[in-house]
Amino acid sequence: MPAPHSRLLWRDVTIFDGQQELPAPMAVLVENGHIAKLCRTGALTAADTDDARDMGCGGVITPGLVDCHTHLVFGGNRADEFALRLEGAGYAEIAQAGGGILSTVRATRAASEDELLAATLPRLTALVADGVTTVEIKSGYGLTVADELKMLRVARRLGQAQHGSLPVRIVTTLLGAHALPPEYSDDKDGYIRLVCDEMIPAAAAEGLADAVDVFCEGIAFSPAQCERVFDAAARHGLRVKAHAEQLSNLGGAALAARHGALSADHIEYLDEAGVHAMAEAGTVATLLPGAYLTLRETQLPPVEALRRHGVPIAIATDANPGSSPLFMPTLMLNLACSLFRLTPREALAGMTANGARALGLADTGRIAEGLRADLCVWDVARPTELAYAVQPGRLRQRVFNGEITHDRTQERRDER
C-alpha cells in the first residue's frame, strides 16, 4: 500500500456523485481526508495541481459503497436449510421447526468474541474488496443481554484500528427484537420487556449501538410490541429502523415512520398507505434483493409507488447466514435492476447516497466539496456498467478517509 499523501488528484474521470452522472471529463482533488475540489478537468489551476499526487486518468469514480443492512457477525452456517428450501420448505416453516434464526442463535451463543471476530473478518474483507467503505452490522443472533452485547462488541472491534481493523466505517444496530428465544417461547411480551428494560439500556450505556431495529412480522413481533421497543430506544437517544412487510403487511413500515425511523427494510408487502407514511417522515426504503433471490420470493416491493411518492430507495446485501449468504455488493446492483427493475442510476444511488441516508450519515455516500473522501475508482467506462455486469476485479483504487487503501495500478507497478 502506498504511503499516505495529503493531496491526491484524479483527472479526466467520469463522476457518479451519489445521485447522478456528472458531465465528463471531471477532476477530483482530495486534501486532508476531504474532497477539496470537484470540477471540470480544464478548470484545474496551478494551485490545485501543485504538490498533488497524480492518481491517474480515466475510469469512473463513485462514492465508496455503503452497505446499510447486514448481519455479518454470526456463528455457524445454514447450508442445510438452503437445501431444505430447494426441496420445498418455506422460510416460516423452517423457523417454526426451530431452524432459521434460532439455529444461528445457538451457534452464536456458543462462540466467544474472538471466535466471532475471526469468523466475521473474511465476510467483511469481501465487502471491502468490492468497494464498500461504510457498513452497518446488526446484532440479533444472541437474544440475551450478554450475547447481544457480545455481538455488538465484535462489530465495534471490527472498526477499531487497535484491533487491526480493515479500513472501513462500522455502524452498529441493536436488533434484540429479531426472534423469540427458546427460553421465552411462551412469553413474547416478557422478552420484549427484557429488550426494553435491560438490553437497550445496557447497549446505550456502553455506547455499543448507533440505532435499534425490530422484526415486525407474524413469525417475530407485533406492531404493538415493536412500538414498545421504539419508545425504549427513544428514551435512550437511539434512532430506530425496522424489518417490515417482508412476509405480510402488518403496517410495520408506517409504524416505524411515525417514530421517525431512518429506514424500513425489505417491504415487499408494503401498501400505498405505508409508502405515504414513509414519504411524510423521510424514511428510506431499503430493498434487499439478495434475500428476495435466496428465498425465491414472488411479491415485488412497490417500486413505482416509492418513486411516485419520492421515497429514497437504498440497496443493501442483507448479508446473513440464512436468507442472504451473499457478500458481493456489486451483485446487489445487478439484482436490484434485474429483479426489481430499478435503473442502474437508482441502484447505484441506493448503495451510495441513499445507503448513507439510511444510516443517518450526512458526510459520506456522495461526492461533493467538503465531504469526507470515501471514493472508489473503477475500471469501467460508464457507471451503468457496475450494475450491468457481475464481474469482480473492476475496483482500481479505493480511498477511505482520504487515504489510498487499495491501488491495483501500484500493485502492477510493484510486480514489474
Mark yes or no for whether [X], through its side chain, and [Y], through its backbone, hold a donor-acceptor pair below 3.5 Å.
X: E403; Y: F400; value: no
X: T172; Y: A155; value: no
X: R357; Y: S263; value: no
X: H406; Y: L395; value: yes

*Would you verify whether the NZ or CZ of R123 falls within 45 degrees of the ring axis of F74 while also being under 6.0 Å from that six-membered ring's centre?*
yes
Quick one: do [X] and [Y] make a salt bridge, cutoff under 4.0 Å?
X: R156; Y: D210; result: yes
X: R7; Y: D48; result: no
X: K138; Y: E136; result: yes
X: E183; Y: R109; result: yes
X: E227; Y: R258; result: no
X: D231; Y: R228; result: no
X: D213; Y: K241; result: no
X: R394; Y: D379; result: no
X: E272; Y: R308; result: yes

*asked:* Quick check on side-chain hydrogen bond (donor to acceptor under 3.5 Å, both in side chains): which of T286, N320, D265 does H69 satisfy it with?
replied: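 The side-chain hydrogen bond (donor to acceptor under 3.5 Å, both in side chains) with H69 is passed solely by D265 among T286, N320, D265.
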[X] and [Y]: side chain donor to acceptor below 3.5 Å:
X: S248; Y: E217; result: yes
X: T405; Y: R398; result: yes
X: R78; Y: T104; result: yes

Find out whether [X] and [Y] are in side-chain contact, i.e. whether some heavy atom of one side chain is under 4.5 Å from a heavy atom of the other.
X: M332; Y: L326; value: yes
X: L124; Y: L158; value: yes
X: N401; Y: D374; value: yes
X: L262; Y: V240; value: no
X: T108; Y: M151; value: yes

*So which heavy atom on F16 is nearest to which on A349, and how close?*
CZ-N, 3.7 Å
*State, to 0.1 Å, how close A353 and G18 come at their nearest heavy-atom pair, and which atoms those are.*
CB-O, 3.3 Å
Output the distance between atom [atom1] ([X]) and atom [atom2] ([Y]), rounded to the nearest 0.5 Å.
X: D187; Y: R193; atom1: CG; atom2: CZ; answer: 5.5 Å
X: Q20; Y: R345; atom1: CD; atom2: CZ; answer: 8.0 Å
X: Y191; Y: D186; atom1: OH; atom2: CG; answer: 15.5 Å

*Is it true that atom CG of D54 has more than 12 heavy atoms of other residues, nucleotides or ligands lying nearer than 6.0 Å?*
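Atom CG in D54 is crowded, with more than 12 foreign heavy atoms closer than 6.0 Å.
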